[in-house]
Chemist: 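Okay, handing you the structure first.
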Amino acid sequence: MFSSARSSASSEDTVQRPKSPVDNPLLSSPHAVADTDLPEGGMEAWCTVFGAFLAQSCGFGRYTNSFGVYQAFYTQQYLQDESSSAVSWIGSLATFLVTGVGPMCGPLFDKGYFHHVYIAGAILQSLSIFMLSLIEPGQYYQVLLVQGLLSGIGQGLMYVPSFAILSHHFKRRRTTMMSIVASGVALGGIVNTIMLNQLLNGPIGFKMGVRISAAFITGLLFLSCILVRTRYSAVRQEAASVNFWKATKKCFVEVPSLLTIIGFTLFQVAYMYPFFYFQVDSLRHGLSASFSFYSLVVINVGSFVSRFAAGTVLPFVGVIDLTIVTTVVCGFLIIGMIWLGSVGSVVVLGVLYGLFSGMNVAMMAPMLGLTSDPAELGVRMGVGFAITGLGGLVGSPICGALLTSRYLWWAPALFCGATAFVGGVLFVAVRFSYVHAGIGAVRGRTGGESDAGISSAVETRSGSEKEKAAVEP
């Protein structure tokens, strides 16, 4: 009996003993902030949130969520000799590069080069818009290089860092802050859709309209660079820097991480179809131009509400279950676009798709963060976003090819809907993989815990072998 008691006490000591810097994964990176150092608020933290919000508005929101305006304008006027599929490569290339440069941005962020990367991205974005205004009609490859390549790289240099920087200021409320920052994409889509439709299709014309847009975006990017603040000085320095290749390997050998990346990649194939073709769809179905110009605004309004509210919904639903539900519903809504043909159908489908797709995309960063050692957050998010960006790269051109010059709307809708369903199935597998691994915090409602609790459970699983032996039964 005494032997059993001694064994039990020894086991408790093993589990409850303080972790050394070597054992604790949170302190294994030179730029991983200790929990006790995170302010969870304050002027500097909220300025950083607002600055990151502006970066999302000027990046993804400016071209990706409002690219449908360019898609309609280019196919009907500026690049009318090009097919819908060819034009969509401009937007899809930019969409891919927004997340595709993540593997470079993540390690640089972890090493302390946040401002170098962030400011370089702002400069490239501003430069690309002004250069776009100099291009003459019919110059497809010039538009592709400037609006697709250069602008996409600029957006990408700001995208991952604008999410990762939140880890310098928040732990417990990090998921909520990520959803707030992500809502900047939808707000940027609303503002830019209205502004671009009025400028490009009005008396001002393409060149002057793009220059006005460039001046507006440049001002917001400048403000964003001023507001965002790092806290590298408060970071622990006990251990060596993150091993990039080791962290990258974990993305593919850990089953939940692999399934999450594949699932979001498939969803990204379908996700951009409404944003690229909703306005064109409305115009081709005979709806008035004055209404069709605001069809993308309808989607972005729904997306803004859902992205902003995602942090409030999470404690009651859970990040994984919310991702599953929104993915499947988006698949049904995309298929529903086959019957688009009236003002009512545009409004209902647009609002619902904006609500569910916005909440789904807001879950990407938290979902990738669930399987991440906090010390490797920048690398893991960068790699994850880069791979999922491949879906955005090929999705819209495939839809354009399926659409053909005869505008067969059922073909791309069925393709995207089916692809989204497969992604939903993989997210269900992610949920079961956590349950199989024995991580109790990952339940239907996350056990009443925040996303931080799930991350903590995952961190325990990905710790040293010594910790595993002490914690696991």
Side-chain angles (χ1 to χ4, degrees), residues 41-67 94-95 97-99 101-102 105 109 114-130 150-170 173-196 210-231 296-297 300-301 303-311 358 361-362 364-365 381 385:
M43 180 62 71
E44 187 176 84
W46 288 113
C47 284
T48 298
V49 171
F50 184 57
F53 177 91
L54 292 178
Q56 293 293 316
S57 299
C58 297
F60 232 106
R62 172 173 58 88
Y63 271 146
T64 305
N65 275 34
S66 58
F67 187 78
T95 302
L97 289 173
V98 169
T99 56
V101 299
C105 297
F109 170 82
F114 170 81
H115 283 297
H116 302 75
V117 174
Y118 201 75
I119 294 174
I123 293 173
L124 284 179
Q125 283 197 68
S126 178
L127 179 63
S128 67
I129 313 175
F130 280 109
L150 186 61
S151 177
I153 294 174
Q155 295 174 54
L157 291 176
M158 301 184 75
Y159 185 76
V160 170
S162 66
F163 280 115
I165 192 60
L166 300 176
S167 65
H168 281 207
H169 301 273
F170 299 94
R173 305 166 70 182
R174 187 180 302 162
T175 299
T176 301
M177 296 304 108
M178 283 183 172
S179 66
I180 292 175
V181 169
S183 67
V185 175
L187 183 60
I190 295 171
V191 173
N192 282 280
T193 297
I194 296 174
M195 180 173 63
L196 289 171
V210 171
R211 287 167 190 160
I212 293 174
S213 173
F216 175 70
I217 295 299
T218 299
L220 293 181
L221 290 174
F222 178 75
L223 182 60
S224 175
C225 291
I226 293 176
L227 290 174
V228 176
R229 287 287 181 268
T230 62
R231 299 185 71 248
L296 284 176
V297 175
N300 282 300
V301 167
S303 182
F304 175 74
V305 173
S306 64
R307 289 177 189 239
F308 196 85
V361 174
M364 284 187 67
M381 286 181 64
F385 277 126

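All values below come from the heavy atoms of this structure, side chains included, with hydrogens, waters and symmetry mates left out.
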Chemist: For a quick test of reading the model, state the closest non-hydrogen atom pair linking S128 to S151 and the distance between them.
Modeler: OG-CB, 3.4 Å
Chemist: Please assess S162 against V228 for the test side-chain contact (heavy atoms from CB on, under 4.5 Å), listing each intermediate value before the final yes or no.
Modeler: CA-CA 9 Å; S162 66; V228 176; over 6 Å; no
Chemist: Before you tell me yes or no, could you show the steps for V191 and S57 under side-chain contact (heavy atoms from CB on, under 4.5 Å), namely the whole-Å CA-CA distance, both residues' side-chain angles and the distance that decides it to 0.1 Å?
Modeler: CA-CA 9 Å; V191 173; S57 299; over 6 Å; no
Chemist: For the side chain of S126 and the backbone of A122, is there at least one donor-acceptor N/O pair under 3.5 Å apart?
Modeler: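 No; judged by distance alone, with no hydrogens or angles, the pair does not exist.
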Chemist: Go through it in stages, so that I can follow the logic: the residues are M177 and F53, the test is side-chain contact (heavy atoms from CB on, under 4.5 Å), and I'd like the CA-CA distance, side-chain angles, deciding distance and then a yes or no.
Modeler: CA-CA 10 Å; M177 296 304 108; F53 177 91; over 6 Å; no
Chemist: Can you tell me how far CE of M158 sits from CD1 of I153, rounded to the nearest 0.5 angstrom?
Modeler: 15.0 Å
Chemist: Would you indicate whether the side-chain heavy atoms of L97 and Q155 approach each other to under 4.5 Å?
Modeler: no
Chemist: Counting C-beta onward and ignoring hydrogens, is there a side-chain heavy-atom pair between V185 and F304 closer than 4.5 Å?
Modeler: no
Chemist: Between the main-chain N or O of A182 and the side-chain N or O of R307, is there a donor-acceptor pair closer than 3.5 Å?
Modeler: yes
Chemist: What distance do I194 atom CD1 and N300 atom CG have between them, rounded to the nearest 0.5 Å?
Modeler: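 With rounding to 0.5 Å, CD1 (I194) is 9.5 Å from CG (N300).
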Chemist: Measuring only between side-chain heavy atoms, which start at C-beta, is T48 closer than 4.5 Å to L227?
Modeler: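 They are not in contact (no side-chain heavy atoms under 4.5 Å apart), so the answer is no.
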Chemist: Nearest heavy-atom pair of L221 and C58: which atoms, and what distance?
Modeler: CD2-CB, 3.6 Å
Chemist: Taking C-beta and beyond as the side chain, do C47 and R229 meet within less than 4.5 Å on heavy atoms?
Modeler: no
Chemist: What heavy-atom pair brings A215 and F130 nearest, and what distance separates the two atoms?
Modeler: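 For A215 versus F130, the nearest heavy atoms are N-CZ, 4.0 Å.
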Chemist: For residues A52 and Y118, report the shortest heavy-atom separation together with the two atoms involved.
Modeler: CA-OH, 4.0 Å
Chemist: Which heavy atom in V49 sits nearest to a heavy atom in F170, and how many Å separate them?
Modeler: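 Heavy atoms only, the tightest pair is CG2-CE1, 3.6 Å.
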Chemist: Considering only heavy atoms from C-beta outward, does the side chain of F163 approach that of Q56 to under 4.5 Å?
Modeler: yes
Chemist: What about the rings of F109 and H116, do their centers lie closer together than 6.0 Å?
Modeler: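 No; H116 has its ring centre 6.0 Å or more from that of F109.
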Chemist: Heavy atoms only: give me the nearest S66-N192 pair and the separation to one decimal.
Modeler: OG-CB, 3.8 Å
Chemist: Does any N or O in the side chain of S224 come within less than 3.5 Å of the main-chain N or O of G51, such that one atom is a donor and the other an acceptor?
Modeler: yes
Chemist: Report the distance from atom NE2 of H115 to atom OG1 of T230, rounding to the nearest 0.5 Å.
Modeler: 4.0 Å
Chemist: Looking at side-chain heavy atoms only, is the closest gap between Y159 and V101 below 4.5 Å?
Modeler: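 Heavy-atom side-chain distance check fails, nothing below 4.5 Å.
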Chemist: CZ of F216 to CE of M195: how many Å apart, nearest 0.5 Å?
Modeler: 5.5 Å
Chemist: With a 4.5 Å cut-off on side-chain heavy atoms, are F222 and I226 touching?
Modeler: yes
Chemist: Any donor and acceptor pair, going by atom type alone, linking the side chain of T193 with main-chain N or O of I190 inside 3.5 Å?
Modeler: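 Not at all, since once roles are kept as given, no pair shorter than 3.5 Å links the two residues.
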Chemist: Roughly how far apart are I212 CD1 and I129 CD1, rounded to 0.5 Å?
Modeler: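 Between atom CD1 of I212 and atom CD1 of I129 there are 13.0 Å.
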Chemist: Any side-chain heavy atom of L296 sitting closer than 4.5 Å to one from F67?
Modeler: no
Chemist: What is the distance from atom CG of L54 to atom CG of L220, rounded to the nearest 0.5 Å?
Modeler: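 L54 atom CG to L220 atom CG measures 6.0 Å (nearest 0.5 Å).
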